[in-house]
There are 2 protein chains.
Amino acid sequence: MGVPSASPLFLREPEIRRGVELLYFGYSHMTGAIDKTLEKQGLGRAHHRALYFIARQPDMPVSELLRLLNITKQSLGRVLTDLADRNFVESRQGQRDRRQRLLRLTPTGSALETELFEALREKMGAAYAEAGQESVTGFWRVLEGLVPVHLRDRIASLNSGS
Amino acid sequence: MGVPSASPLFLREPEIRRGVELLYFGYSHMTGAIDKTLEKQGLGRAHHRALYFIARQPDMPVSELLRLLNITKQSLGRVLTDLADRNFVESRQGQRDRRQRLLRLTPTGSALETELFEALREKMGAAYAEAGQESVTGFWRVLEGLVPVHLRDRIASLNSGS
DNA sequence: GCAGATGGGACACCCATGTTGACGTATTAT
DNA sequence: ATAATACGTCAACATGGGTGTCCCATCTGC
């Protein structure tokens, strides 16, 4: 054990840079897919993120959304006010804890989220199909490793919880 | 062929949403890794993106950087002015076309880029190591599929060209 | 050699989205 | 009763995008 083990080849600089760049451009392109639709509605990406996660987990309390998005109350407040004014999101009082406001989409909001998701599905689905199922598994695994542990549970529960 | 072939299972909504979410959180976390260092320098992420790609392709003309980053001349100009003022980036006249300004990092700029890259390498390397080489290949394949074709060549040439 | 296209820089101005800090109120927990 | 929590809201500010306009140097095609 006196000899330090060499980094595997895929941990060398070019391979890391390739990942960094593909992640940057891939992310940019995915998010770019919804810009036209958002603009038609006069909304921005911040609105979409809120819309998206509320769709994923109806009756999500504000505090949970704050933790997911990792932004301040003020920033989220602006966005939620907009979405409520435009009748995309409504909130009701929590029954277990009446201080909480549980967020959910209105039918209008749900329709918009669906439309936006279709654009994402088109991009992501094409990439999945082009790469194949095995690649998709690897894609998930690497990204999971990039996400801090405490968030992994939260993300997983988006699927099971809804 | 009269029967439409069903979508493969990995193209269904939950699998697409999983990719969308992991890509969002993974990207957030990767970029978050350099925020502290950038703040120490009084720079933002926009500065880092310019720094990064200039490091990747020394003597890159401004127009090429504009195409890569997909922002306006005005936005890039602000960033490049900052970087030049702080002696991180220098430019010289192109010899083939003297209208061009070829950008490269100064030694100081190069040292900063290296420091920032180390933070990225730590995150991305940990994710690679956790997922394994096969997963990394899949990760690349899916992301390549997300990137528009004309950009793929440009990204590929970052590796061969430097 | 000149006209038009191109590369680059700069101006003023606006918008979206993030930040901090402070404060208020309802509700829950100790 | 008091402290902590969940939420909302105010003012003020920073960053990093965008637009439109104008300018200069230089290259290219006719």
Side-chain angles (χ1 to χ4, degrees), chain A residues 24 27-28 31-32 34-54 59-86 89-104, chain B residues 24 27-28 31-32 34-54 59-86 89-104:
Chain A
Y24 168 66
Y27 179 77
S28 294
T31 59
I34 60 172
D35 283 351
K36 270 173 249 153
T37 305
L38 283 173
E39 199 180 356
K40 271 191 294 183
Q41 299 286 339
L43 301 175
R45 288 189 188 172
H47 299 95
H48 176 243
R49 286 194 285 274
L51 207 61
Y52 182 95
F53 287 113
I54 296 169
D59 288 333
M60 178 182 276
V62 173
S63 57
E64 172 69 9
L65 190 50
L66 276 174
R67 273 189 292 268
L68 261 184
L69 296 175
N70 199 31
I71 58 177
T72 59
K73 234 189 337 176
Q74 176 73 329
S75 294
L76 180 58
R78 262 191 311 245
V79 166
L80 288 181
T81 301
D82 289 347
L83 291 174
D85 288 351
R86 310 279 296 279
V89 166
E90 62 191 6
S91 67
R92 39 195 200 93
Q93 206 169 38
Q95 62 275 46
R96 203 195 54 216
D97 182 338
R98 288 183 308 176
R99 292 170 302 179
Q100 290 185 327
R101 316 282 309 191
L102 306 183
L103 303 166
R104 51 169 59 231
Chain B
Y24 168 66
Y27 180 77
S28 295
T31 59
I34 59 173
D35 284 350
K36 271 173 248 155
T37 305
L38 283 174
E39 199 180 355
K40 273 192 294 185
Q41 298 286 340
L43 301 175
R45 286 188 190 171
H47 299 94
H48 176 243
R49 285 194 285 273
L51 207 61
Y52 182 95
F53 287 113
I54 295 169
D59 288 333
M60 177 182 278
V62 172
S63 57
E64 171 69 10
L65 191 49
L66 276 174
R67 271 189 293 266
L68 261 183
L69 295 176
N70 200 32
I71 57 177
T72 59
K73 241 196 323 183
Q74 174 72 331
S75 295
L76 180 58
R78 265 190 307 248
V79 167
L80 288 181
T81 301
D82 289 348
L83 291 174
D85 287 352
R86 310 280 296 279
V89 165
E90 62 190 7
S91 68
R92 39 196 201 93
Q93 205 170 41
Q95 61 273 53
R96 205 196 54 217
D97 183 337
R98 288 182 308 175
R99 291 171 303 179
Q100 290 185 327
R101 317 283 308 192
L102 306 182
L103 303 165
R104 51 168 58 229

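Reminder, nothing fancy here: chain letters follow the sequence lines and each chain counts from 1. Here the structure is a predicted model, which means the values were calculated and not measured.
Contact annotation for A/Gln93: backbone-only contact, meaning every heavy-atom pair under 4.0 Å involves sugar-phosphate atoms and none involves a base. Among the heavy atoms of the strands lying under 4.0 Å from B/Gly44 are primed sugar atoms or P, OP1, OP2 only; no base atom is included.
A residue-by-residue look at A/Arg98 and A/Gln74 shows that A/Gln74 has its nearest nucleotide of DNA chain C further toward the 5' end. The residue among A/Ile71 and B/Lys73 whose nearest nucleotide of DNA chain C is located toward the 5' end is B/Lys73.
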Tabulated below should be each protein N or O lying under 3.5 Å from an N or O of nucleotides 2-6 of chain D; please produce it.
{"unit_1": "D/dT5", "atom_1": "O2", "unit_2": "A/Arg99", "atom_2": "NH1", "d": "2.4"}

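Classified by interplanar angle (parallel below 30°, tilted 30° to 60°, perpendicular above 60°), the ring pair B/Tyr27/A/Tyr27 is parallel.
Nucleotide D/dT26 holds its P atom 16 Å from the CZ atom of B/Arg92, rounded to whole Å. Distance, B/Leu69 CG to D/dG18 C1': 15 Å, rounded to whole Å. Here the P atom of nucleotide D/dA14 and the CZ atom of B/Arg78 are 15 Å apart, to the nearest Å. The distance between atom CD of A/Glu64 and atom P of D/dC7, rounded to the nearest whole Å, is 10 Å. One atom, CG of B/Leu76, and another, P of D/dG17, lie 9 Å apart when rounded to the nearest Å. When the C1' atom of D/dG16 is taken as reference, atom CG of B/Leu66 falls 15 Å away, rounded to whole Å. Distance CG (A/Leu65) to C1' (D/dG8): 15 Å, rounded to an integer number of Å. Atom CG of A/Leu83 is separated from atom C1' of D/dG8 by 16 Å (rounded to the nearest Å).
Between the A/Gln100 side chain and the A/Pro61 main chain, no donor and acceptor come within less than 3.5 Å of each other. Looking at B/Arg86, its side chain does come within 3.5 Å of a backbone N or O of B/Gln41 through a donor-acceptor pair.
Side chains of A/Ile71 and A/Arg49 form no contact here, defined as non-hydrogen atoms less than 4.5 Å apart. The shortest distance between side-chain heavy atoms of A/Asp97 and A/Leu102 does not fall below 4.5 Å. Within the 4.5 Å cutoff, the side chain of A/Leu69 has no heavy atoms near those of the A/Tyr52 side chain. The side-chain heavy atoms of B/Arg45 and B/Thr31, taken from C-beta on, include a pair separated by under 4.5 Å.
You won't find any donor-acceptor pair under 3.5 Å spanning the side chain of B/Arg45 and the base of D/dG17, going by distance alone.
First and last contacting nucleotides of DNA chain C toward chain A (any atom under 4.0 angstrom from a heavy atom, 5' to 3' order): C/dT17 to C/dT28.
A salt bridge is defined here as a Lys NZ or Arg NE, NH1 or NH2 lying under 4.0 Å from an Asp or Glu carboxylate O, and B/Lys36 with B/Glu39 fails to meet this definition.
Across every non-hydrogen atom of B/Met60 and B/Leu68, the tightest pair is CE-CD1, 3.6 Å. Closest approach of A/Asp59 to A/Arg92, counting heavy atoms only: OD2-NH2, 3.0 Å. Summarising the geometry of A/Leu38 relative to A/Gly44, their closest heavy-atom pair is CD1-O, 3.7 Å, with the distance given to 0.1 Å.
In this model, no donor atom of one side chain and acceptor atom of the other lie less than 3.5 Å apart for A/Ser91 and A/Arg104.
Proximity of residues 46-54 of chain B to DNA chain D (heavy atom under 4.0 angstrom from any strand atom) is restricted to B/Ala46, B/His47, B/Arg49.
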